[in-house]
Amino acid sequence: MSLLALERVAVEAGGRAILDVEHLQVQPGVLLAVVGPTGAGKSTLLRVAHLLERPVRGTVRWHGEVVAWPAPLATRRCIAMAFQDPLLFAGTVADNVAFGLEVRGTRRAAAGARVAELLELLGIAHLAGRRAATLSGGEAQRAALARALASGPELLLLDEPLASLDAPVRERLRGELVAIVRGQRLTCIWVTHDQEEAFAVADRVAVMDAGRIAQCGTPEEVFFRPATPFVAGFVGTGNVLPGRIAASDGGLVTVDLVGLRLQAVSELPVGDRVLACIRPEEVTLGRDGGPDHLSARNRMNGRVTAVVTRGATTRVEVACGVRLQALVTRRSAAELGLEAGVAVWLSVKATAVHLLADAEGNGRAGVEA
């Protein structure tokens with residue numbers, strides 16, 4: 001049974017739909033990352049999950065039971081939330097962490113022990129007596145997380161909890177936070193704008209588009225097998241090429257991309273219009289020996305039209321009947337002497353070509369996290 005379920009849930013503002021979730025289930029112990037562009041409905045989804053926002057229609061279930069509105073206090077107390085900007089009052093760190101326990105009538109000795117345990121767990125035991133206003137960003141976020149965890153919630157909601165932190169602090173705290181969520185077997189919905197963060201932390205990833213869940217699946221499914229053109233673009237698929245299936249043979253199809261033919265693994269029928277999705281890192285590129293010696297089914301020659309280096313990687317655009325992007329290391333690009341006008345060969349495995357039916361509305365069926 002799911003811990004939380006949303007069924008045909010819609011939220012509107014000013015007569016405009018800002019959330020329209022057909023079906024979402026969050027299973028116990030799962031860490032679900034929610035990503036999407038600004039305005040996609042991520043924060044509204046969290047407010048509904050927190051039982052603070054009443055949908056204009058639809059049903060929210062908790063442990064399989066329909067939630068009445070206003071939501072019962074006992075149920076809401078099973079849910080905790082931490083925000084991008086830590087919401088701490090003017091007391092000490094220990095006072096802030098203990099606040100929720102005091103509201104629930106926890107005995108002083110038990111509350112003190114729980115506070116000490118969480119401060120130690122989050123590495124801020126030495127800050128127990130410090131005033132909240134004197135904390136750094138990372139220290140304040142740890143205190144806010146400790147307060148959210150203090151009451152032992154069944155569901156932890158995180159709204160961009162690390163977004164305002166510097167990169168080194170963010171990466172360190174991310175690892176510690178994931179370890180805590182796993183160690184305490186918490187169910188967690190983690191909203192983030194950082195795709196790398198989402199794919200690093202999550203059991204499941206939900207991609208939101210205009211208030212709807214465009215796809216929900218494992219990080220590998222979403223990253224390598226996007227369900228819609230929007231998801232493909234959002235997760236950086238890079239190569240999304242329109243074409244038509246020209247032939248089929250035992251699960252292996254030939255796709256005519258108007259200028260290039262590729263083979264892919266698919267059960268789609270001959271004649272279907274498709275979008276061929278190929279991640280740039282799945283394109284092998286070289287200069288010597290030609291592609292014919294390679295085992296990949298798709299082998300072609302082309303010419304470099306653009307080279308863009310960012311950090312340790314270099315994105316290379318090649319004209320080979322169509323425009324294909326390849327991603328190589330900066331060192332490899334230098335060793336190969338890649339620059340505009342250079343002749344190269346490329347290869348792509350048939351299993352690396354993911355085909356989407358070229359139609360609107362894919363990926364909006366019921367999803368389970």
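Computed from a predicted structure; not experimentally measured.
- With hydrogens and angles disregarded, no donor-acceptor distance shorter than 3.5 Å links the side chain of Glu120 to the backbone of Ala125.
- In this structure, CG on Leu145 lies 6.5 Å from CG on Leu158, to the nearest 0.5 angstrom.
- Glu22 has its side chain out of reach of Val9: every pair of non-hydrogen atoms, C-beta onward, lies at least 4.5 Å apart.
- Here Asp95 does not pair with Arg147 in a salt bridge; the nearest charged N to carboxylate O distance is not below 4.0 Å.
- Side chain of Lys42 to backbone of Val207: no donor-acceptor contact under 3.5 angstrom is found.
- Note that the OG1 atom of Thr106 and the CG atom of Leu101 stand 4.5 Å from one another [nearest 0.5 Å].
- With a 6.0 Å radius and a threshold of 12 heavy atoms from other residues, nucleotides or ligands, Arg330 has its CZ atom at or below the threshold.
- Although no hydrogens or angles enter the test, the distance criterion places a donor-acceptor pair under 3.5 Å between the side chain of Arg303 and the main chain of Gly341.
- Looking only at distances, no side-chain donor or acceptor of Arg212 sits under 3.5 Å from a matching main-chain atom of Asp20.
- Residue pairs meeting the salt bridge (Lys or Arg N to Asp or Glu O under 4.0 Å) criterion with at least one partner in residues 229-254, sequence neighbours excluded, do not occur; the list is empty.
- Rounding to the nearest 0.5 Å gives a distance of 4.0 Å between CG of Asp209 and CZ of Phe230.
- Distance alone, capped at 3.5 Å, places no donor-acceptor pair between the Ser347 side chain and the Asn298 backbone.
- Looking only at side-chain heavy atoms (C-beta outward), Val255 and Val353 stay at 4.5 Å or farther from each other.
- The CG atom of Leu157 lies 5.5 Å from the CD1 atom of Ile189; values are rounded to the nearest 0.5 Å.
- Residues Val274 and Leu268 are in side-chain contact: their nearest non-hydrogen atoms beyond the backbone lie under 4.5 Å apart.
- Salt bridge annotation for Arg108-Glu102: absent, with no cationic side-chain nitrogen under 4.0 angstrom from a carboxylate oxygen.
- Taking 4.0 Å as the cut-off between side-chain N and carboxylate O, Arg315 and Glu281 do not count as a salt-bridged pair.
- For the ring pair (Phe, Tyr, Trp, His ring centres under 6.0 Å) test, residues two or more places apart in sequence or in another chain that qualify with Phe223 are Phe199.
- Applying the side-chain hydrogen bond (donor to acceptor under 3.5 Å, both in side chains) test to residues at least two apart or on different chains, none of the pairs has a partner in residues 251-261.
- Between Ser248 and Val253 there is a side-chain heavy-atom pair separated by less than 4.5 Å.
- By the neighbour-count criterion of 12 heavy atoms within 6.0 Å, atom CD of Gln184 is densely surrounded, having more than that number from other residues, nucleotides or ligands.
- Among residue pairs with one or both ends in residues 39-83, none qualify as ring pair (Phe, Tyr, Trp, His ring centres under 6.0 Å); sequence neighbours excluded.
- Of the N and O atoms on the side chains of Thr44 and Arg47, at least one donor lies less than 3.5 Å from an acceptor on the other residue.
- Residues Arg279 and Val235 form a side-chain contact, since some pair of their non-hydrogen atoms from C-beta on lies under 4.5 Å apart.
- Residue Glu221 places its CD atom among more than 12 non-hydrogen atoms of other residues, nucleotides or ligands, all under 6.0 Å distant.
- Between Met208 and Val34 the shortest side-chain heavy-atom distance falls below 4.5 Å.
- Residues that satisfy the salt bridge (charged side-chain N to carboxylate O under 4.0 Å, His left out) test with Glu117, not counting sequence neighbours, are Arg114.
- For the salt bridge (charged side-chain N to carboxylate O under 4.0 Å, His left out) test, no residue two or more places apart in sequence or in another chain qualifies with Glu282.
- Contact annotation: the side chain of Arg130 approaches that of Leu135 to within less than 4.5 Å [non-hydrogen atoms, C-beta and beyond].
- Between atom CG of residue Leu73 and atom CG of residue Leu51 there is a gap of 11.0 Å, rounded to the nearest 0.5 Å.
- Panel note: side chain Asp358, backbone Pro242; no donor-acceptor pair is recorded below 3.5 Å.
- Rounded to the nearest 0.5 angstrom, Glu53 CD and Ile18 CD1 are separated by 6.0 Å.
- A 4.5 Å side-chain heavy-atom check between Arg170 and Glu197 finds at least one atom pair inside the cut-off.
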Side chain to side chain donor-acceptor pair (under 3.5 Å) between Glu160 and Trp190, intermediate numbers included: CA-CA 7 Å; Glu160 308 252 19; Trp190 185 323; over 6 Å; no
